[in-house]
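Read through the structure below, which is laid out as C-alpha cells, and then see the notes.
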Amino acid sequence: QAKAAGRNGIALFESAMLVAAEEALTLERDLATAVERGELALHLQLQVDSDERPVGAEALLRWRRGGVTPVGPDVFIPLAESTGLIVPIGAWVLREACLAWHELALAGHAMPLSINVSPRQFGDPGFVAGVRATLLETGVSPHDIMLEVTEGLLVDDLEQTAVNMRELAALGVRFSIDDFGTGYSNLAYLSKMPLHELKIDRSLISGLPGDANAVAIVHSILAMASHLGLRVMAEGIETAAQARFLASHGAPCMQGYLFCRPMSVAQLLSLLDARLEAPESLEALPA
Ligand code: C2E
Ligand code: MG
Ligand code: MG
Ligand code: MG
C-alpha cells in the first residue's frame, strides 16, 4: 500500500513537473515574440541626491504578456538570460533608453540613465559594437548612460568581460555595481575594473537604521567607496528614517519608492514638470 502511494506520489510529482516545463516553454515562446509584438515597455525610476534633486533615472523593463498580463522582471529576466533572448531584448532596452533620454532632454530634464545589463549580454561578442552603434544612431553621448552590472560578472574575471568593459569605459560609458553588498567577499575586482558607482542593495537598506549589522556594513561600504573614489547609490529606500540615516552618513544618492516609483517616460515627464513649478507638490502626484 505504501508502495502504491509512493508511486502515485511520483506520478503526481512528474505531472506537476511536466506542467511546469510546458508552462516554461510557452512563457519562453511568448517572450521570444514580445519585442516585435510591442509588449515590452521601459519604465524609469528617478534617482535623487540628499536634497531630493534628480541625479538620474534607472531604466526598468516591463512586460505585458499577450499585451495584458504583467510578468515581473524577476521571472522573465532570468528566463531571457538562460535562453539567450536577453541579447535582442537588451539591445531593445538600450535603444529605448536612448530614445527616452532624448524625450527627457527635449523637455529640459536631461539626466543620465542607468541601464541594467546581464552577464550573458555582456559576454556577447557583439555587445560593445552594439552599444557603440546604438549611441551613434540615437545621438546619445556615452556619458549619458551608466551600465549596471552585478558583482558576479566581475568576480568571475572573464577575459571577454574585462575587455568589453575597458573598451566601453574608453568610450566614456560608466559602470555601476548593482545589488552591492549581497554577493561576494572578494573585492579585488573593485580596484581592477573601471567603475564609477556602487549601488547598495535594498536588503541592506531595509535594515536601516535599527539593525546594527546593516548599519555597520553600510558604514563600511560608504567609507570604502569614498576611499576608492566611487559614488554610492542607495537603492530601495522606502522610509524617511532610512533616507535621513543615509543623508546624515554621507550617502550622496538615493533611489526608492519613498522618492519615486518606476513609471512611464510620459508620467516621469509630467512629474518633473510639476516639480519645477511647485517643488513641494511631489506627494500629491499619482505614482
Ligand atoms: P535591480 O536592477 O536591482 O532594480 C531595482 C528593483 O527594485 C526594481 O525591481 C525596482 O522596481 C525595485 N525597487 C525600486 N525601489 C524600491 C523600493 O523602495 N522598494 C522595493 N521593495 N523595491 C524597489 P524590478 O523593476 O522588478 O526589477 C527587478 C530586477 O530585474 C532588477 O533589479 C534587474 O536586476 C532586473 N531588470 C529589470 N529591468 C532590466 C533590464 O532592462 N535588463 C536586465 N538585464 N535586467 C533588468
Ligand atoms: Mg539595477
Ligand atoms: Mg539592485
Ligand atoms: Mg538586480
Side-chain angles (χ1 to χ4, degrees), residues 31 34-35 39-48 52 56-64 70-101 112-124 127 130-131 134 145-153 161 174-184 195-208 221 231-243 245-246 251 253-265 267-268 287:
L31 185 58
V35 172
E39 294 176 3
L40 297 181
L42 214 57
H43 277 194
L44 295 177
Q45 186 180 27
L46 202 64
Q47 303 167 324
V48 300
E52 291 194 35
E58 178 175 9
L60 293 161
L61 190 54
R62 297 292 177 255
W63 178 27
R64 280 186 181 277
V71 183
D74 287 330
V75 173
F76 73 80
I77 293 289
L79 182 68
E81 175 76 3
S82 66
T83 55
L85 284 170
I86 194 67
V87 173
I89 289 175
W92 182 87
V93 166
L94 178 65
R95 190 166 184 282
E96 201 66 13
C98 288
L99 300 178
W101 184 90
L113 296 184
S114 291
I115 298 153
N116 293 284
V117 177
S118 70
R120 179 91 169 242
Q121 261 179 289
F122 213 96
D124 190 75
F127 184 65
V131 171
T134 301
I145 61 167
M146 176 129 59
L147 300 184
E148 294 193 2
V149 298
T150 46
E151 283 184 281
L153 183 81
T161 305
R174 291 177 300 175
F175 289 95
S176 173
I177 307 298
D178 206 350
D179 307 336
F180 187 78
T182 53
Y184 298 86
L195 302 175
H196 180 74
E197 178 187 87
L198 300 181
K199 284 191 91 164
I200 306 183
D201 192 66
R202 172 158 59 90
S203 61
L204 287 170
I205 301 303
S206 67
L208 302 179
I221 293 177
R231 184 173 87 161
V232 171
M233 176 73 65
E235 75 176 334
I237 314 244
E238 293 180 348
T239 70
Q242 292 164 352
F245 177 93
L246 287 159
C253 302
M254 298 184 258
Q255 176 182 347
Y257 295 165
L258 177 68
F259 305 108
C260 197
R261 295 251 167 189
M263 57 182 73
S264 71
V265 180
Q267 283 174 312
L268 182 62

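All ligand and atom numbering here is 1-based and tracks the order in the structure.
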Task: Shortest non-hydrogen separation from G90 to Q121 and the atoms involved - done: CA-NE2, 3.2 Å
Compare [options] and give the one whose heavy atom is closest to [atom].
| atom | options | value |
| --- | --- | --- |
| atom 2 (O) of ligand 1 | I115, D178, I237 | D178 |
| atom 15 (N) of ligand 1 | E96, Q255, Q121, Q45 | Q45 |
| atom 29 (C) of ligand 1 | D74, L147, I77 | D74 |

Open item on the list: For E58, state whether at least one heavy atom is located under 4.0 Å from any atom of ligand 1.
Closed with: yes
Task: P262 to ligand 1, any heavy atom closer than 4.0 Å - done: yes
Task: Closest approach to the Mg ion (ligand 3) by D179, given as the N, O or S atom name - done: OD1
Task: Atom name, E148 (N, O or S, nearest to the Mg ion (ligand 2)) - done: OE1
Open item on the list: Between S176 and E197, is there a side-chain donor-acceptor contact under 3.5 Å, judged purely by atom types and distance?
Closed with: yes
Open item on the list: I'd like to check E96 versus L61 (side-chain heavy atoms, cut-off strictly below 4.5 Å). Are they in contact?
Closed with: no
TODO: Measure E81 to ligand 1 on non-hydrogen atoms and call it side chain, backbone, both or neither using the 4.0 Å cut-off.
DONE: neither
Task: Angle at the Mg ion (ligand 2) (to 10°), with one arm to OE2 of E58 and the other to OD2 of D178 - done: 170°
Task: Contact flag E235/the Mg ion (ligand 3), N/O/S atoms, threshold under 2.8 Å - done: yes
